[in-house]
Amino acid sequence: MERPIGMFDSGFGGLTVARAVIDLLPDEDLVYVGDTGRYPYGPRPQAEVREFARQLAWSLVKQHDVKALIVACNTASAAALDLLESEMPVLVIDVVAPGARALVGATRTGKVGVIGTVGTIGSGAYDRAVAAAAAATGRDVQLTATACPGFVEFVERGQTSGEEVTILAERLLAPIQQAGVDALLLGCTHYPYLAEVISAVMGPDVTLVNSADETAIAARDELTSAGLLRVPDGRQAVHRFRSSGDISWFADLGGRLLGPELRDAEHWHP
Ligand code: DGL
């Protein structure tokens, strides 16, 4: 199937998922939209994020004829997954359920944590998804969920290490440390870029879980069952990147975060 996979996020965060998808499905064409002109989504009302997610999803379907949509943003997944699943004429894959499954699979003690934006944590999406993943595996799991406002802004500025980020991380992660978790899910696709700092604050006994790989596996499995995987024919896969913000900044920082597949970015308008 020659149609591309569409992906979107509020900005650079979904590139963590794009990396995993490109690595796992190197023959697939991809169109990624980063809504950097309207980031961050985390502090916005759920109704507004739903509307943004709907615009992005429909534009990928109408302008690029995508065969599947990966909602590479936890905040948008938490706010709009039900709407997208009922409205979109293509496969919809989110990051919340795969992340919750990976978290439950990673814990030994059953004490787990999730960090995300104010919107994601406030929505209760992870309380429901982790409870469902625990029930499916017969595990008894205790979840501590904490919002980390400010993390996304550091990543969008390209500041992923240093004293300022560490001080903020120490303050925001205190409730997770106190809960004594042994596995922590990075429930925002921007956070893997801060993994070094988060890991240094949490210490070596806490496993950091990232939903990107699990989401890429879910995408591969769903595309395979639907018979939608592209058949390799010698043509190199095309990866397109679009942004509603400054496209030269998107290409510059995005290229450093994602790797060589992101050299140029094109404008995207809502
Ligand atoms: N990367 C988005 C997420 O996974 C985030 C954020 C934002 O714009 O606040 O939630």
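What you are looking at is a predicted structure, and each value in this text was computed from that prediction instead of being measured. Just the heavy atoms: all of them, side chains too, but no hydrogens, waters or symmetry mates, feed the values below. Ligands are counted one by one from 1 in listed order, and the atoms in each one are counted from 1 as well.
Every residue two or more places apart in sequence or in another chain that forms a salt bridge (Lys or Arg N to Asp or Glu O under 4.0 Å) with Asp82 is listed here: Arg50. In this structure Leu81 satisfies the side-chain contact (heavy atoms from CB on, under 4.5 Å) test together with Glu85, Val92, Asp94, sequence neighbours excluded. Checked against salt bridge (Lys or Arg N to Asp or Glu O under 4.0 Å), Asp35 has the following partners two or more places apart in sequence or in another chain: Arg38.
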Derivation of the side chain to side chain contact (heavy atoms under 4.5 Å, CB included) call for Val96 and Arg128
CA-CA 10 Å; Val96 172; Arg128 293 186 291 278; over 6 Å; no

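The ring of Tyr41 has its center closer than 6.0 angstrom to the ring center of Phe52.
Residue-level contacts of ligand 1 at the 4.0 Å heavy-atom threshold are Asp9, Ser10, Pro40, Tyr41, Gly42, Cys73, Asn74, Thr75, Thr117, Val152, Cys188, Thr189, His190.
Distance check: Glu2 CD to Asp29 CG gives 6.5 Å after rounding to the nearest 0.5 Å.
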